[in-house]
Amino acid sequence: MSRPRIVIVGAGFAGYRTARTLARAARGRAEITLLNPTDYFLYLPLLPQVAAGILEPRRVTVSLAGTLPDVRLVLGEAGRIDLDGRTVHYTGPEGERGSLGYDRLVLAAGSVNKLLPIPGVAEHAHGFRGLPEALYLRDHVTRQVELASSDGEGPLCSARCTFVVVGAGYTGTEVAAQGQLFTDALVRAHPLRKGMRPRWMLLDVAERVLPELDERLSGTADRVLRERGVDVRMGTSVKEATPDGVLLTDGEFVGTRTLVWCVGVRPDPLAESLGLPMERGRLLVEPTLQVPGRPEVFACGDAAAVPDLEKPGAYTPMTAQHAWRQGKVAGHNIAASLTGGELRPYRHKDMGFVVDLGGVKAAANPLGIPLSGLPAGAVTRGYHLAAMPGNRVRVAADWLLDAVLPRQAVQLGLVRSWSVPLDTASPELARVPDGRERRETDTASGGAGAPSAGGRKAVGGGGGDDTSRTITSPTPEPVRSESAKRNRQAAKPAKPAKPRQDAEQSRPQPAPTRSSPTRSAPQEGDR
């Protein structure tokens with residue numbers, strides 16, 4: 001008798017946890033296949049530390065093959081799902097086509113950058129959803145400080161040393177907090193003119209930093225940022241972005257060469273392509289995570305609108321706390337559906353959250369106990385070590401080295417501005433000169449490249465803007481062109497701004513046309 005076939009699309013927080021739970025429950029009695037463009041799980045909460053030069057890129061990636069030995073890994077991106085034929089069609093990293101039949105399907109597609117129709121933002125801003133963007137930001141910030149050091153004085157020097165972050169949620173707050181420390185360290189090696197210091201700005205239309213949190217802890221984060229020198233402006237956002245800076249909603253023009261977009265995320269368009277009932281771009285599911293009318297299909301993480309049984313009429317938010325826990329429930333329920341067992345509804349209980357503010361500063365609320373300063377910093381780092389599925393010793397070692405040694409202030413220039421556009425449907429991918437998005441993870445293994453993947457399904461299991469800062473129990477079809485087109489149309493600005501002309505932003509000419517398709521770089525092995 002053949003074993004039941006289970007296909008999981010996406011190896012993010014939800015997909016990874018589903019695969020791990022299923023592998024332990026099935027014990028070889030089911031064929032579990034994980035379809036993902038990359039061979040790693042990305043631990044998104046530590047991505048700001050990659051951008052700040054604290055952690056090397058591979059520290060936040062966990063090998064799928066190494067930690068899921070009983071799961072078959074197929075490298076590729078899901079393109080079309082035939083629900084009636086129970087088949088997932090995909091494109092491999094070198095353009096090859098393939099298909100996977102299934103008896104049970106888990107859609108853990110995740111999310112992409114949330115775009116707003118603000119003129120110039122799509123051209124001049126960069127998101128923060130994957131390793132390519134984090135590595136680009138690290139190189140770009142280093143470059144701007146080095147150029148400002150050599151420029152001397154003038155508005156261009158000031159613009160290079162001004163860094164604007166939009167979105168004061170978990171990600172934006174951590175990027176600004178870590179970024180201020182990073183640039184202060186850079187100027188020690190590249191002194192600026194007397195009296196000048198790098199300036200980080202944090203903008204949000206909300207009334208306070210981290211509006212999702214308790215006011216006391218939100219106040220702690222606000223105080224730490226301001227004491228560190230971050231220009232925190234609540235009730236303010238970007239009205240227009242230009243090559244020379246940003247026009248704010250209060251009428252002020254700020255000269256800058258750096259605009260980091262952290263306003264949140266939206267569900268991956270793959271879920272919408274199925275033609276099933278949706279809730280604001282998310283696939284509607286039952287409390288058991290099954291799709292109504294399709295009991296063989298399960299969905300979890302950012303791609304699924306899961307009823308919040310603690311708040312009738314509401315749906316669970318797009319956070320890694322929920323994605324991670326939903327993955328466990330999905331794994332249990334799939335195993336139960338194959339053996340005739342009882343399916344569990346998804347319920348949750350908040351255990352708290354952690355926000356890393358850089359250095360020994362943090363804000364945390366473990367088990368409802370508000371903490372700040374050194375105790376919060378210890379809890380935050382302890383939580384991350386416990387929550388990571390691997391690489392704990394390497395992460396701890398990098399933290400120790402960062403505490404006793406100066407950071408390496410170098411930029412390798414392997415991830416360029418044009419390769420990480422904000423309007424991409426695949427933030428885990430680096431765009432290549434011929435316009436296709438493919439994996440370039442061999443560069444990441446050297447600590448400065450851009451792991452990308454051939455598709456959107458890299459780390460989509462969960463983690464909206466907050467990823468997993470919330471405490472949980474440790475425990476070419478080349479690139480879906482239609483959905484990518486929908487993303488670009490949704491984000492199309494009202495008045496496109498002229499692209500920057502500086503060398504750092506210039507896009508190289510495509511390589512000469514060849515009869516054979518461009519091949520992706522070798523796979524390397526947290527979106």
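Leu217 has its side chain out of reach of Leu210: every pair of non-hydrogen atoms, C-beta onward, lies at least 4.5 Å apart. Here the side chains of Arg129 and Val112 are not in contact, with every heavy-atom distance at 4.5 Å or above. Looking at heavy atoms from C-beta onward, Thr319 lies out of side-chain contact with Tyr170 at the 4.5 angstrom threshold.
No side-chain donor from either of Thr316 and Tyr346 sits under 3.5 Å from a side-chain acceptor of the other. Side-chain contact check for Gln411 and Arg143: at least one donor-acceptor pair (N or O, by modelled atom type) lies under 3.5 Å. Inspection of the Thr236 and Glu252 side chains reveals no N or O donor paired with an N or O acceptor under 3.5 Å.
Here Arg199 pairs with Asp231 in a salt bridge; the nearest charged N to carboxylate O distance falls below 4.0 Å.
Atom CZ of Arg394 is surrounded by 12 or fewer heavy atoms from other residues, nucleotides or ligands within 6.0 Å. For Glu215, the CD atom is loosely surrounded, since the number of other residues' heavy atoms within 6.0 Å does not exceed 12.
For Ile54 against Asp398, the heavy-atom pair with the smallest separation is O-CB, 3.8 Å. Gly66 and Ser63 get closest at one heavy-atom pair: N-OG, 3.0 Å. Between Pro267 and Gly281, the shortest heavy-atom contact is CB-O, 3.2 Å.
Distance alone, capped at 3.5 Å, places no donor-acceptor pair between the Asn365 side chain and the Phe353 backbone. Using modelled atom types, no side-chain atom of Glu240 and backbone atom of Pro119 make a donor-acceptor pair closer than 3.5 Å.
Note: Tyr16 and Trp324 have parallel aromatic rings, judged against thresholds of 30 and 60 degrees for the angle between ring planes.
Scored by the side-chain hydrogen bond (donor to acceptor under 3.5 Å, both in side chains) test, Trp200 finds Thr183 as partners (sequence neighbours excluded).
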**Message:** Walk me through whether His126 and Ser417 qualify under side chain to side chain donor-acceptor pair (under 3.5 Å).
**Reply:** CA-CA 8 Å; His126 293 282; Ser417 174; 3.1 Å; yes

